Amino acid sequence: MGLLSDPNRRQALIKLLTRLNAPICGMPVDWLVKTMQARGLEVFTQSFSRTLPFPDENTERYVVKGTNVYGILRAPRAPRTEALVLSAPCTPGDNNNQAVGLLLGLAHYFRNQVYWAKDIIFLVNEHDLIGMQAWLEGYHHTNVTGMDWSPLQGRGGSIQAALSLELSSDVVTSLDIVLEGLNGQLPNLDLANLFYAFCQKIGVLCTIQGKLQRNDWDSASGYNHAVQTMMLMVMKQASGRPWGDHGLFLRYHIEAATVKGVNSFRHYKTDATTIGRLLEGMYRKLNNLLERLHQSYFFYLLPSLSHFVSIGYYMPAFGLLAVILLLRALDLWVQLSAQPSRTEDGVAGTEQSNPGVLSVLTPLVISHLTGAALYMLPVRFQEVAVEHFPVSETEAVVLTAIAVYTAGLALPHNTHRYPDMGWRVLKLVALLYLAVLLGCTAVINFSLGFILALTLVPAAAYVTPHVPKALSAFFLVALSPACTLLFSVFFFQELQEMPVSFQDGWLLYLSVIAQGMLDHYLYGSLVFPLVALLVYPCWLLFWNILFWK
Amino acid sequence: MAAPLTLLMIVAVTVRAVLFRSSLAELISERVEVVSPITAWKRVIEGLALLDLGVSPYSGDVFHETPLIIYLFHFLVDYAEITFMVNSVVFLQFRKQKFALEADRYPPDCLELIRTPLEMHYVPLKVAMFYLLNPFTILSCVAKSTCGLNNMVISLFILCTVKGNVLLSAIFLCLATYQSVYPLTLCAPAMLYLMQRQYIPVNLRRVSFWWFVVQYLFMYLGSLFVLVCLSFFLLGSWDYMPSVYGFILSVPDLTPNIGLFWYFFAEMFEHFRLFFLCVFQINVFFYTIPLSIKLKEHPVFLIFMQLAVISIFKSYPTVGDVALYMAFLPLWSHLHRFLRNIFLVSCVLLACSALFPVLWHLWIYAGSANSNFYYAITLLFNVAQILLVSDYFYAFLRREHHLTYGLYLKKKDGSEATLVLK
């Protein structure tokens, strides 16, 4: 196989990898450019900079600057209309020190082959997702997130598929595939099937969500394992984060996945050669594509790599939850129209029996203003908060968000002109609003919609002013989006078999909130604006109904 | 009455002004649900630019507005936003004048069905609210869609008809038809209303009936002729005719919108295209005659039904057209007790309006859905509109029946009867 099968060349590669292993300030741009040029690629760089809305706890500075380096391998005999991308994020430290070496080795090998019909772009991006976002925006001439980047000098045609590599050691025991992208978008199932098929052909162990497959589907423990794998996927999809560099490609209708090498305690270890052969095989398959991958499902959940749950199976579950809300709304409508609403004296009569839509307007406006405050205040007032309290900016932002959220609970409640009917009208509007909101969310990001539906629908259908106040208030708060997030954090850690103590869990929760807000400002993730501007006001309406006098 | 109305107008203008200045204006003016190839502001600007360059604005199949519009905007292009806001406000002033007529020979137990003067007092305010604060109208105005102008002309026509001014009614109807072909069907209700006002009985054998029809048609066709010739002289050529009327009738542009035409014609074979085109276009005009016969004593309701039919079945509908006939709904608030499906219809309309942008995003940007998903929502939206309109029609007929025969019907043996629509 050329480079990697020859022991001398393998030694050279390992030396190269060890050189990269040494901590370097930033990315070795010049060295990468020279090396890629030596391998016969057309090399270009792109510099970018981004002002973060608040400093990330990892980087602890406001401005992130970096350079992406990419080399294009031109297809020898084909018109340059399509491209494939192989990317490896380059971060200082041990995180991903072997991937760039493997990428360069593959570049050298691919250069000697004649069967390429699409251009192959080898991309090394700095600062992970931020660099990838800058590169994709530059490639597609869009500017969604307000980043500052230099235009790309070289392009390769429309990108058909992409793979991102994450390798931390030069021998691996298994390869993990990561599919979840931004806003819960998934690549076509064909890509995952392709990866699995190749792993089986070459004989490498492959996992999904870090869990190995089991063969005993009928036993309870096998079923349990599959459910845990699927729940991990649901949690990851619901968070709306891209869980690998591939996550940002999906927005541009490019099928992409991340391949992670995992080194754990097993006897049989695979070296870089085999991984290289696997990737070569995958790229040859992708090379033969005549059209974009679209034949298989885009909406699925994977309990294992050889089984999937398609949208036709899981959407009815969500539909049944939404129907609860609609039935409750219908019940309220019937109650409202069964009132004796025809009275002789126009004005007083109509006011008494049918409050109309206007009475609902006040709680709606107030709760949406609170939601807008939750969206805008934390980032706007972080300087003020840092002056007055001894916290860092990230903590200030997160704690302000939590403070605004809790302050919403203490809002003054409605003027009660219509003691009996007013809450029914409000509840009708709130139920319909929640149903439409959850429906739209589930269509875009099913896991997020389903988790929100599971927690919000029972509370929403149940709450009236006449239920026991203290107990219902407790349940309503326990099922609110913030507490759902808290429980999900603990649940996620449990599923990954890394349970955390309460202290660590709380800190993790705070960092999750910070990360969610950053994701929105950096990549356009929809979870934070959805929860702050739409779900939270809707929940506040139900809180208002509970405390209706 | 004046104070709430002024407050309402101030709120409406503020909302529109705020949205004009925000970054959402760009986003909204590109949404296919709000603008169509006929009404898009981008195309008006393009036409104006071509006119300034001395080229016919109709070359290149971009611009599909009438020449009068282009000259109007030639003068108003800097004040475009204000023009559109003024349109909405002016439109409302004329809506205020609408009142339904009540006859007075009803059995005593139908007192509940007759509307009280107090209710009627609030109707203009409700109509104003329904139109100005309707999200569809706000979106249409912020997108600077010329649908607002069409709506204004139609409402001026309705005002003149209600006031009884035959000449002005014909002129405004002719303007509305000149802009988009479909208001032609509003001739029938206009004539019926004016005849009712002048106490001319609607009888095909009477000379006075035909004389009035001839008068009205003469005025209408005369003004249409004047407008067409004026357009010819303004631009110096006839190529606005295929670009405007040919475009509306032959539907060459299949950009997805909230109407029914695009999906059908995207998958149709060329061989059958003319046939289906005729079928779809006749569908808009076809309901005029049966509805006119049935509703000849209630021309105002006939206007509402016609407007609804036009908005649903026209070739390039937008949410601005939907907002037009929805603004009429408070006029018939006394029909609420007879409506059967209002809950279902409102839920479906609300859900579809929310799902339109979501499925568009999934289709065009994420690539996970395809045109079938978007068309499903379109179909559902149109079905809900049709259900709304037919529900109001049923309620109207039922009320008429009750007014003639009494509210609490009894069978011959004295037990309570149920009413069945056959």
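Chain letters run A, B, ... following the sequence lines, proteins first and then strands; every chain starts at 1. These figures come from a predicted structure and were not determined experimentally.
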- At a heavy-atom separation under 4.5 Å, does B:Leu344 approach chain A through its side chain, its backbone, both, or neither? neither
- Message: Which one wins on heavy-atom pair count under 4.5 Å against chain A: B:Ser353, B:Cys347, B:Ala366, B:Ala369?
- Response: B:Ala366
- Query: With respect to chain B, which residue among A:Val436, A:Leu326, A:Leu437 yields the maximal number of heavy-atom pairs within a distance under 4.5 Å?
  - Reply: A:Val436
- Do A:His246 side-chain atoms and A:Leu179 backbone N/O form a donor-acceptor pair below 3.5 Å? yes
- Assert top hit (heavy-atom pairs under 4.5 Å, partner chain B, pool A:Leu330, A:Ile444, A:Asn183) equals A:Leu330
- Aromatic ring centroids of B:Phe304 and B:Phe301 under 6.0 Å? yes
- Query: At a heavy-atom separation under 4.5 Å, does A:Phe299 approach chain B through its side chain, its backbone, both, or neither?
  - Reply: side chain
- Task: Classify the angle between the aromatic ring planes of B:Phe136 and B:Phe381 as parallel (below 30°), tilted (30 to 60°) or perpendicular (above 60°).
- Result: perpendicular
- Quick one: are A:Phe249 and A:Met132 in side-chain contact, heavy atoms under 4.5 Å? yes
- At a heavy-atom separation under 4.5 Å, does A:Ala329 approach chain B through its side chain, its backbone, both, or neither? both
- Between the side chain of A:Glu180 and the main-chain N/O of A:Lys236, is any donor-acceptor distance below 3.5 Å? no
